[in-house]
Amino acid sequence: MTDKQKIFIVEDERRIARFLQIELEHEGFETETESNGKRAFEKIAQENFDLVLLDIMLPEMDGIEICRKVRELPDDVPIIMLTAKDDLEDKVTGLDIGANDYMTKPFAVPELLARIRAALRTHAEGNRNDDDQGSNKRLSVKDLVLYPERFEVQVKGDSIELTKKEYSLLEYLVRNKNRVLTRDQILQTVWGYDYIGDTNVVDVYIRYLRAKIEDYIKNKYNVDEKYIHTVRGVGYVIKE
Ligand code: CA
């Protein structure tokens, strides 16, 4: 038994894998490396790693598929994707399928170490919050409360029904509360880079959310409470 945290390096470029191994072990981590995607997934499913560094292009099973499959497992091991140079689409897909963070190759070691420590810390805090009946895991703006782990939304204590898209949009706004988000940012994050269609879809869904939150409050309490604000010519912001 060891107290060292174990990092699983999934990378088929031997040179990079070896480099990562040396750097991480120098920092006091224990490491294991794997170059084959399919075997990597099997190991993640069977062994207890504290964190996974996951390359995207791998033989037999790519990093995207590995990440997706790992997220179907009960274990919520932190995953940092190592993406090809400036491949924006990889980044977005990676975060979309449940990676905790991503690094673009080539990366600076101090930055990678900082990201690893941040992911380990967030994971440890998440586990503590689980013990605390998840009370710290909720997100809120005024009388609007989101419970991301069960996709539940409450307005002044009443649960309201949202579609999956409406929920994703609301969560994105709440996580960025008091920050103006452009239609493009919203589209890329909530609908994805491959979305082909009318950008008006954002406005349409904002209307749905306003109806379900602001109109709900208006109808039940006869007060006007504004949550989602339009910033003309820019986008939307949810304000505390
Ligand atoms: Ca590769």
Side-chain angles (χ1 to χ4, degrees), residues 67-68 71 76 78-79 81 88-102 115 118-119 122-123 125-126 129-130 132-240:
C67 189
R68 194 175 283 134
R71 286 298 173 246
D76 60 344
I79 296 175
M81 306 282 273
L88 206 55
E89 208 164 322
D90 282 352
K91 291 177 192 173
V92 172
T93 313
L95 294 179
D96 219 42
I97 57 169
N100 302 69
D101 205 349
Y102 57 81
R115 302 278 189 101
T122 308
H123 187 244
E125 280 163 10
N129 293 346
D130 281 346
D132 197 17
Q133 283 149 7
S135 60
N136 294 325
K137 271 194 160 178
R138 57 186 214 168
L139 304 166
S140 69
V141 173
K142 293 190 282 195
D143 291 332
L144 177 71
V145 183
L146 275 69
Y147 299 88
E149 74 272 27
R150 49 181 204 268
F151 300 102
E152 197 191 333
V153 179
Q154 291 181 356
V155 175
K156 293 188 187 292
D158 297 344
S159 287
I160 57 163
E161 291 286 326
L162 296 183
T163 65
K164 206 162 166 266
K165 244 345 160 216
E166 289 165 354
Y167 178 85
S168 305
L169 172 58
L170 183 61
E171 185 180 323
Y172 182 52
L173 288 167
V174 173
R175 282 194 189 277
N176 292 283
K177 64 183 168 189
N178 302 321
R179 202 181 123 201
V180 180
L181 299 168
T182 66
R183 282 182 184 77
D184 275 348
Q185 283 176 313
I186 295 171
L187 263 185
Q188 287 167 6
T189 307
V190 179
W191 276 267
Y193 268 86
D194 52 357
Y195 176 77
I196 309 165
D198 205 331
T199 56
N200 283 340
V201 71
V202 175
D203 307 298
V204 171
Y205 273 78
I206 291 283
R207 270 206 301 282
Y208 294 160
L209 284 180
R210 281 179 171 151
K212 288 184 175 181
I213 298 165
E214 294 165 8
D215 294 355
Y216 177 85
I217 293 171
K218 172 89 182 156
N219 291 334
K220 188 165 175 184
Y221 301 95
N222 200 28
V223 287
D224 284 310
E225 267 182 35
K226 230 170 149 41
Y227 282 81
I228 303 170
H229 300 258
T230 304
V231 181
R232 209 170 289 281
V234 185
Y236 296 99
V237 58
I238 200 159
K239 283 189 187 167
E240 187 75 86

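Keep in mind that what you see is a predicted model, and the values were worked out from it rather than measured.
- Between V231 and V237, the closest heavy-atom pair is CG2-CG1, 3.9 Å.
- Within a 6.0 Å sphere centred on CD of E240, other residues, nucleotides and ligands contribute more than 12 heavy atoms.
- The distance from atom CG of L181 to atom CG of L187, rounded to the nearest 0.5 Å, is 12.0 Å.
- In summary, E171 and R175 engage in a salt bridge, as defined by a charged side-chain N under 4.0 Å from a carboxylate O.
- The CE atom of M81 lies 11.0 Å from the CG atom of D101; values are rounded to the nearest 0.5 Å.
- Side-chain contact between K177 and L139 is absent, with no heavy-atom pair separated by less than 4.5 Å.
- Residues V153 and I213 form no side-chain contact, since every pair of their non-hydrogen atoms from C-beta on lies 4.5 Å or further apart.
- Taking every heavy atom of both residues into account, V174 and S140 meet most closely at CG1-N, 4.3 Å.
- Taking CD of Q154 as the start and OH of Y147 as the end, the distance is 4.5 Å to the nearest 0.5 Å.
- Salt bridge K142/E225: absent, no basic N to carboxylate O contact under 4.0 Å.
- Rounding to the nearest 0.5 Å gives a distance of 11.0 Å between CD1 of I160 and OH of Y167.
- For Y221 against D158, the heavy-atom pair with the smallest separation is OH-OD2, 4.2 Å.
- Between Q185 and V180 the shortest heavy-atom distance is OE1-O, 3.9 Å.
- Geometrically, K165 does not engage Y205 in a cation-pi contact defined by less than 6.0 Å to the ring centre and at most 45° from the axis.
- Between the side chain of N178 and the main chain of K239, no donor-acceptor pair closer than 3.5 Å is present.
- Salt bridge status for K218 with D224: present, with a side-chain N to carboxylate O gap under 4.0 Å.
- Considering every non-hydrogen atom in both C67 and A99, the closest pair reads SG-N, 3.7 Å.
- The backbone N or O of D203 sits nowhere less than 3.5 Å from a side-chain atom of Y236 that would complete a donor-acceptor pair.
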Report task. Give the intermediate values and the outcome of side chain to side chain contact (heavy atoms under 4.5 Å, CB included) for residues K212 and V155. Result -> CA-CA 9 Å; K212 288 184 175 181; V155 175; over 6 Å; no

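- Between V190 and V202, the closest side-chain pair of non-hydrogen atoms is not below 4.5 Å.
- Panel note: side chain H123, backbone D76; a donor-acceptor pair is recorded below 3.5 Å.
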Report task. Evaluate the side chain to side chain contact (heavy atoms under 4.5 Å, CB included) criterion for residues L170 and I238: first the C-alpha distance (whole Å), next the side-chain angles of each, then the deciding distance (0.1 Å), finally the verdict. Result -> CA-CA 9 Å; L170 183 61; I238 200 159; 4.0 Å; yes

Report task. Begin from the C-alpha positions of L209 and I228 and carry the test side chain to side chain contact (heavy atoms under 4.5 Å, CB included) through to its verdict. Result -> CA-CA 9 Å; L209 284 180; I228 303 170; 3.8 Å; yes

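- Rounding to the nearest 0.5 angstrom, the gap separating the CZ atom in R207 from the CG atom in N200 is 8.5 Å.
- Closest of all the heavy-atom pairs between N176 and R179 is OD1-NH1, 2.7 Å.
- Taking CZ of R210 as the start and NE2 of H229 as the end, the distance is 8.5 Å to the nearest 0.5 Å.
- Side-chain contact between Y227 and D143 is present, with at least one heavy-atom pair separated by less than 4.5 Å.
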